[in-house]
K.L.:
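Got a structure for you, questions after.
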2 protein chains.
Amino acid sequence: MTEIQRPGALYQQVAAAIREAILAGEFAPDSLLPSEAQLMARYGVSRPTVRNAIAALRAEGLIDVRHGKGSFVRADGQPALTIERRVSRTADGRFVMPNGDVWDEAEEPSTYRTRTTKATGRLLELGEEEALFGCDRLLVDSGTGTRAMHRTLIPFEVAEGVPLLAEEPCKRPAAIYWVLTQAGHKLWWSETVRAHMPLPDERTTLQLPDATPILHLARITHGTDDRPLILEELRVGADRAELAYRITADKQPARRART
Amino acid sequence: MTEIQRPGALYQQVAAAIREAILAGEFAPDSLLPSEAQLMARYGVSRPTVRNAIAALRAEGLIDVRHGKGSFVRADGQPALTIERRVSRTADGRFVMPNGDVWDEAEEPSTYRTRTTKATGRLLELGEEEALFGCDRLLVDSGTGTRAMHRTLIPFEVAEGVPLLAEEPCKRPAAIYWVLTQAGHKLWWSETVRAHMPLPDERTTLQLPDATPILHLARITHGTDDRPLILEELRVGADRAELAYRITADKQPARRART
DNA sequence: GGACGTCACTTGTCCTTACGAGTTATGACT
DNA sequence: AGTCATAACTCGTAAGGACAAGTGACGTCC
């Protein structure tokens with residue numbers, strides 16, 4: 001039994017001891033930590049205390065626990081998939097998404113009609129309760145197995161001005177961009193990035209491990225008059241994916257966007 | 001006492017019941033949930049079961065628990081701060097960061113010398129154990145109180161070619177960009193975004209609430225020959241900040257970056 | 001009336017006990 | 001030798017009890 005003398009509650013002292021051992025490299029990645037019974041004996045505490053300490057380390061994403069097997073040090077290598085958030089055009093004017101080739105559709109896309117919420121209305125610079133086409137996709141990267149949820153929202157107002165959209169709005173983004181360009185728009189995009197913890201249904205559909213945040217992107221396609229035309233949302237687990245952007249210097253001082 | 005009939009463990013059934021009540025809006029944001037004792041009576045379960053359910057909801061970021069007061073529904077409004085990841089130049093060629101004016105230094109920057117790790121070496125396209133200047137800042141947005149950790153890493157190799165950097169490498173990024181431009185570089189930037197759960201020290205320095213991921217940016221400044229010159233890292237809590245990018249279509253098909 | 005102490009409420013920590021459920025190695029049986 | 005049952009490990013769930021610590025309101029005392 002090892003004595004511990006640290007600030008805070010007992011389980012935090014145990015958690016801190018294990019954490020430091022992990023961060024110091026005393027346990028190799030993917031290696032097995034001592035079992036709960038061993039930790040009880042090692043630190044002279046009860047099982048709830050040990051489990052509380054382990055729960056803290058799980059919430060930090062330091063370890064994975066597998067029922068019947070034990071606790072394993074999580075390997076924190078870099079994400080397997082880098083999602084390039086860029087838009088390219090070929091010589092003949094078609095749009096090419098840098099990652100367009102890696103994503104497969106894991107399910108049939110589901111198309112529906114809905115209305116703006118407060119959040120989506122703000123992004124599209126519309127009021128609430130405006131009519132929208134919606135299309136949800138579940139994407140899978142066949143190479144790494146990374147899954148992502150993709151949603152496209154197109155205001156009726158926009159689709160009405162673009163016949164090819166009104167007929168069949170559930171296209172892949174690159175095709176939508178091309179249709180908009182054919183309708184006379186010169187496009188640019190703004191994108192906001194957030195992260196949050198998944199709800200249970202997001203956890204299951206994205207097959208996320210413990211303590212894994214979701215990267216949540218909202219991309220807005222702007223037309224010639226800079227008005228928002230389309231909103232795309234992408235949700236992907238932050239354990240296996242990272243985002244990549246390219247930035248070049250603006251000539252003008254930044255203007256104020258979004259009040 | 002209310003009967004529950006759902007899949008899974010008891011505490012998950014309790015958690016699901018509370019979660020649905022919250023998501024259905026039966027509890028207003030910032031309102032007080034029933035106390036543990038009340039939930040025990042309501043669902044006819046023991047205190048550990050109730051606490052387990054509450055722990056699950058905490059991990060999802062749905063509620064905040066305050067010692068001695070109770071559990072409160074977390075208001076999930078949009079982040080208070082939008083960090084524009086852009087670089088602008090004024091008419092006279094100086095660099096202006098869109099958010100340069102909002103950040104204050106919460107502490108004196110600390111400068112040091114270090115060496116590349118596997119991760120930083122890869123980003124800077126250097127080997128391991130290459131010598132670097134480092135500078136850590138703790139930033140605060142005086143408007144929203146948002147805190148962020150900023151790190152600048154400059155290879156000796158780069159600083160030697162730019163006298164003004166070698167003398168005093170711990171400048172603000174805009175100043176560093178200007179110095180590099182004066183040395184003849186035409187700059188562009190690449191940026192990768194990740195999210196992960198904070199370690200305890202990050203949690204305290206960034207003053208993060210429960211179940212709050214960190215947005216972790218790595219920006220690389222590229223010079224005229226596209227070689228990486230500088231690595232900047234920014235860490236900010238995802239509860240109060242979001243990132244904003246602008247994208248325009250490339251003329252060329254995307255080339256492959258990063259092996 | 002104001003200040004302060006107490007009390008009732010909240011969640012936090014820690015222990016004990018018991019059993020269920022997944023995994024794996026061991027060994028007996030065919 | 002191969003197969004399968006069992007046993008011995010792992011973590012998961014659930015209950016009960018006890019006390020500590022933070023909060024706020026109420027009531028008493030000065």
Side-chain angles (χ1 to χ4, degrees), chain A residues 1-18 27 30-74 200 203-204 209-211, chain B residues 1-18 27 30-74 200 203-204 209-211:
Chain A
M1 158 172 171
T2 303
E3 283 300 334
I4 5 188
Q5 198 56 265
R6 265 174 236 262
L10 242 186
Y11 79 92
Q12 287 174 336
Q13 301 172 27
V14 175
I18 303 174
F27 296 101
D30 289 325
S31 69
L32 189 60
L33 286 179
S35 73
E36 293 178 358
Q38 289 169 327
L39 292 173
M40 288 168 66
R42 176 130 157 61
Y43 297 110
V45 296
S46 70
R47 190 158 170 235
T49 302
V50 167
R51 284 185 64 81
N52 215 341
I54 287 180
L57 299 176
R58 283 170 76 153
E60 294 168 21
L62 275 179
I63 63 175
D64 278 312
V65 181
R66 275 174 270 178
H67 189 175
K69 304 191 72 165
S71 303
F72 297 82
V73 179
R74 186 181 285 186
R203 262 202 61 162
T204 54
D210 275 347
Chain B
M1 156 170 172
T2 302
E3 284 301 333
I4 5 187
Q5 197 55 266
R6 264 174 237 261
L10 244 186
Y11 80 92
Q12 286 174 339
Q13 300 173 27
V14 174
I18 303 174
F27 296 102
D30 289 325
S31 69
L32 189 59
L33 286 179
S35 73
E36 293 179 358
Q38 290 169 326
L39 292 174
M40 288 168 63
R42 177 130 158 58
Y43 297 109
V45 295
S46 69
R47 188 158 175 238
T49 302
V50 166
R51 284 185 65 80
N52 214 341
I54 288 181
L57 299 175
R58 285 172 74 154
E60 295 169 20
L62 276 179
I63 63 175
D64 278 313
V65 181
R66 276 174 269 179
H67 189 176
K69 306 190 72 168
S71 303
F72 298 82
V73 178
R74 186 180 285 186
R203 262 202 61 161
T204 54
D210 274 347

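Proteins come first, then strands; the chains are lettered A, B, ... in the order of their sequence lines, and each starts at number 1.
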K.L.:
I would like to know whether A/Glu60 and A/Asp210 meet side-chain contact (heavy atoms from CB on, under 4.5 Å); could you show each step before the answer?
P.N.:
CA-CA 9 Å; A/Glu60 294 168 21; A/Asp210 275 347; over 6 Å; no

K.L.:
Counting only side-chain heavy atoms from C-beta out, which of D/dT13, D/dA15, C/dC15 sits nearest to B/Gln12?
P.N.:
D/dT13

K.L.:
Once you round to the nearest 0.5 Å, how far does CD1 of A/Ile54 lie from CD1 of A/Ile18?
P.N.:
6.0 Å

K.L.:
What integer distance in Å separates B/Met40:CE from D/dG17:C1'?
P.N.:
11 Å

K.L.:
Rounded to whole angstroms, how far apart are CZ on A/Phe72 and C1' on C/dG22?
P.N.:
12 Å

K.L.:
Between C/dC15 and A/Thr49, is there an OP1 or OP2 to side-chain N/O distance shorter than 4.0 Å?
P.N.:
yes

K.L.:
State which of C/dG12, D/dC11, D/dA14 makes the closest approach to the side chain of A/Ser71.
P.N.:
D/dC11

K.L.:
Report yes if at least one side-chain N or O of B/Ser35 is closer than 4.0 Å to OP1 or OP2 of C/dT10; otherwise report no.
P.N.:
yes

K.L.:
For residues 61-73 of chain B, run the donor-acceptor check on the side chains, cut-off 3.5 Å, and write out each pair with its distance to 0.1 Å, sequence neighbours left out.
P.N.:
residue, atom, partner, partner atom, Å
B/Asp64, OD1, B/Arg74, NH2, 2.8
B/Asp64, OD2, B/Arg74, NE, 3.2

K.L.:
Rounded to whole angstrom units, what separation is found between the CD atom of A/Glu36 and the C1' atom of C/dC14?
P.N.:
15 Å

K.L.:
Nearest of D/dT10, C/dT11, D/dC11 to any side-chain atom of A/Arg47?
P.N.:
D/dC11

K.L.:
Under 4.0 Å, heavy atom to any atom of DNA chain C: which of residues 57-70 of chain B qualify?
P.N.:
B/Arg58, B/Val65, B/Arg66, B/His67, B/Gly68, B/Lys69, B/Gly70

K.L.:
Tell me the interatomic distance from A/Arg51, atom CZ, to C/dC19, atom C1', rounded to whole angstroms.
P.N.:
14 Å

K.L.:
Rounding to an integer number of Å, can you tell me how far B/Gln13 CD sits from D/dT13 P?
P.N.:
12 Å

K.L.:
Which is it for A/Leu33 and A/Phe27 under the side-chain contact (heavy atoms from CB on, under 4.5 Å) test, yes or no, and what are the steps along the way?
P.N.:
CA-CA 7 Å; A/Leu33 286 179; A/Phe27 296 101; 3.6 Å; yes

K.L.:
Measure from the side chain of B/Ala9, starting at C-beta and using heavy atoms only, and say which of D/dA18, D/dG16, D/dA14 lies closest.
P.N.:
D/dA14

K.L.:
In whole Å, I'd like the distance from the CG atom of A/Asn52 to the P atom of D/dG12.
P.N.:
13 Å

K.L.:
What integer distance in Å separates B/Tyr43:OH from D/dA14:P?
P.N.:
15 Å

K.L.:
Could you state the CG-P distance from A/Leu33 to D/dT10, rounded to the nearest angstrom?
P.N.:
13 Å

K.L.:
Taking the side chain of A/Ser46 as heavy atoms from C-beta outward, which of D/dA15, C/dC14, C/dT13 is closest to it?
P.N.:
C/dC14

